[in-house]
There are 2 protein chains.
Amino acid sequence: MKKSSQKYKFAAVAVDVVVFSIDNGELKVLLIEMKKKPYMGFWAVPGGLIKSDESLEQAAKRQLSAKAGLKNVYLEQLYTFGEVNRDPFGRVVSTAYFALIPSTGIKPKTSREYGDIRWFGVKNLPRLAYDHKNVISYALERLGAKIGYTNIVYGLLPREFTLSDLQKVYEIILSKKLDKRNFRKKVLSINLVKPASAKRGGAHRPARLYKFVKNRYHVVEIL
Amino acid sequence: MKKSSQKYKFAAVAVDVVVFSIDNGELKVLLIEMKKKPYMGFWAVPGGLIKSDESLEQAAKRQLSAKAGLKNVYLEQLYTFGEVNRDPFGRVVSTAYFALIPSTGIKPKTSREYGDIRWFGVKNLPRLAYDHKNVISYALERLGAKIGYTNIVYGLLPREFTLSDLQKVYEIILSKKLDKRNFRKKVLSINLVKPASAKRGGAHRPARLYKFVKNRYHVVEIL
DNA sequence: TCAAAAGTGTTCATGATACACCCATGT
DNA sequence: ACATGGGTGTATCATGAACACTTTTGA
């Protein structure tokens with residue numbers, strides 16, 4: 001069809017990483033501003049071609065550490081987009097991942113190769129390059145579904161947190177309010193979190209701090 | 001690392017299709033016997049490289065029609081396997097799909113390029129090539145999870161079927177018996193199936209025939 | 001008349017939902 | 001003393017689980 005898609009015996013393989021974090025009461029995505037032509041001024045999810053000696057997952061981790069300076073985050077394969085004409089540069093098959101990082105320690109790395117790199121609220125996205133609008137909405141869908149039956153929110157919270165913090169994360173992702181008593185009853189009944197040492201003071205009554213029992217993916221019925 | 005993995009600027013992209021069907025009270029997978037060297041005599045899921053002008057999904061459908069003579073089946077992307085050394089022939093990134101086909105009309109196509117092509121019960125698999133043991137168990141896991149909250153079993157049944165047929169499909173996939181009354185109550189309460197015209201006679205009391213309300217993927221809580 | 005699968009309701013246990021007040025702290 | 005978020009229990013409702021007998025047909 002297109003000239004460029006005939007050019008390679010094999011398609012190019014890339015990864016795209018949808019990085020989510022919660023900040024200022026909002027769910028945000030990390031985006032990079034494009035400098036090159038057909039998408040100049042558009043924004044894209046961090047990504048790039050894989051190297052011949054790295055696995056897909058290694059490539060995704062490399063993107064995370066190169067573009068956002070992040071290691072040890074929750075990372076899950078999302079979907080592989082393989083339409084013929086999705087990339088104007090040629091035939092690129094791209095595997096999307098999504099990553100969750102805690103609100104603390106959000107340090108995007110700017111580089112000369114790309115324009116700006118910034119966080120955007122998911123309800124307020126800029127013009128997106130490629131099929132990245134689809135990629136992000138697919139990631140949002142998956143995230144919303146998976147917080148209901150796995151412990152992946154551990155990726156969005158700091159090591160210690162209050163039950164109110166945890167509840168807020170759920171409310172933000174699901175875009176709806178939850179009942180405080182029912183939420184706490186449920187969470188405390190399923191061995192998801194355990195009390196941490198101290199309490200956190202604020203301007204008001206200090207709250208008990210908790211941490212996750214396991215900081216590794218597992219399946220639990222939560223909602 | 002390996003010589004062959006350095007040879008291409010881009011990895012090769014392939015698809016593998018795990019084809020499930022139910023036959024003779026068993027869940028079966030379609031496998032092809034390998035003729036070429038390192039895996040001679042081993043069996044593999046149907047698959048192959050994509051062409052430069054077809055999407056991943058088109059490639060998967062092409063495999064289905066070439067290897068099994070099948071069209072219009074339920075097909076879902078499963079996972080993309082991107083380890084560096086998963087294929088001894090070189091760097092191949094492979095997207096696995098899984099397909100569901102009704103027990104009727106199982107007509108595997110033999111070809112000169114491959115050895116035998118046959119159905120195997122999933123509890124009784126032969127020696128498998130590549131990482132196809134993983135691929136199949138991943139597909140089984142997904143299938144078992146998804147029949148609980150979607151209508152995908154429509155892909156495994158003929159156009160008309162009895163409620164007992166439907167229940168058997170669930171029992172086979174989940175490897176456990178279900179209560180007949182509870183199963184029927186649930187199924188009939190969720191607008192999944194509707195009565196079809198006739199009844200089916202057998203050696204015994206004839207059963208009411210049903211068909212699916214929608215023959216297209218959708219989400220419904222079933223179990 | 002017998003064998004084999006079809007069909008049908010009720011009870012009980014469990015989990016989900018709805019709901020309102022007092023507490024501890026900093027200012 | 002007041003404003004702010006932290007923390008707690010009960011009653012009701014809906015859903016899932018367990019369970020056994022009668023019916024229809026062909027042989």
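In what follows, chains carry the letters A, B, and so on, assigned in the order in which the sequence lines appear, proteins first and then strands, with residues in each chain numbered from 1.
Taking only side-chain atoms of A:K186, from C-beta outward, the nucleotide of C:dA16, C:dA6, D:dG7 with the closest atom is C:dA16. Of the candidate nucleotides C:dA16, D:dG6, C:dA4, C:dA4 has the atom nearest to the side chain of B:H204.
In this model, the phosphate group of C:dG7 is approached by a side-chain N or O of B:R184 to a distance below 4.0 Å at OP1 or OP2. OP1 or OP2 of D:dG6 sits under 4.0 Å from a side-chain N or O of A:S164. Contact annotation: A:K185 side-chain N/O to D:dG9 OP1/OP2 distance is not under 4.0 Å.
Counting any heavy atom pair closer than 4.0 Å across all strands shown, B:R208 reaches sugar-phosphate atoms only and no base atom.
Regarding A:D179, its CG atom lies at a distance of 8 Å from the C1' atom of C:dT17, rounded to whole Å. For A:E171 and D:dG5, the CD to P distance is 14 Å, given to the nearest whole Å. Taking atom CD1 of residue A:I190 and atom P of nucleotide C:dG15, one finds them 13 Å apart after rounding to whole Å. If you take CD of B:Q167 and C1' of C:dA5, they are 12 Å apart, rounded to a whole angstrom. Taking atom CG on A:L188 and atom P on D:dG6, their separation rounds to 14 Å, with Å as the unit. Between A:N182 atom CG and D:dA14 atom C1' the separation is 14 Å, expressed in whole Å. Distance B:K168 NZ to C:dA4 C1': 11 Å, rounded to the nearest Å. The CZ-P distance, from A:F183 to C:dA16, rounds to 14 Å in whole Å.
For B:K180 against C:dG7, a side-chain N or O and a base N or O form a donor-acceptor pair under 3.5 Å. Contact of B:R181 with D:dA20 (side chain to base): a donor-acceptor pair of N or O atoms is detected under 3.5 Å.
Atom CD of B:Q77 is surrounded by more than 12 heavy atoms from other residues, nucleotides or ligands within 6.0 Å.
Neither side chain, A:S21 nor A:S103, offers a donor N or O lying under 3.5 Å from an acceptor on the other.
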*asked:* Show, in sequence, the C-alpha distance, side-chain angles and deciding distance for A:E171 and A:K176, and conclude whether the salt bridge (Lys or Arg N to Asp or Glu O under 4.0 Å) test is met.
replied: CA-CA 5 Å; A:E171 292 180 336; A:K176 69 173 178 192; over 6 Å; no
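Ranked by how close their nearest DNA chain C nucleotide is to the 5' end, B:Y210 and A:A203 are led by B:Y210.
Within the cation-pi definition used here (under 6.0 Å to the ring centroid, within 45° of the axis), B:R159 does not qualify as a partner of B:F161.
For the pair A:F20/A:L140, a side-chain contact is recorded, criterion being any heavy-atom separation below 4.5 Å from C-beta on.
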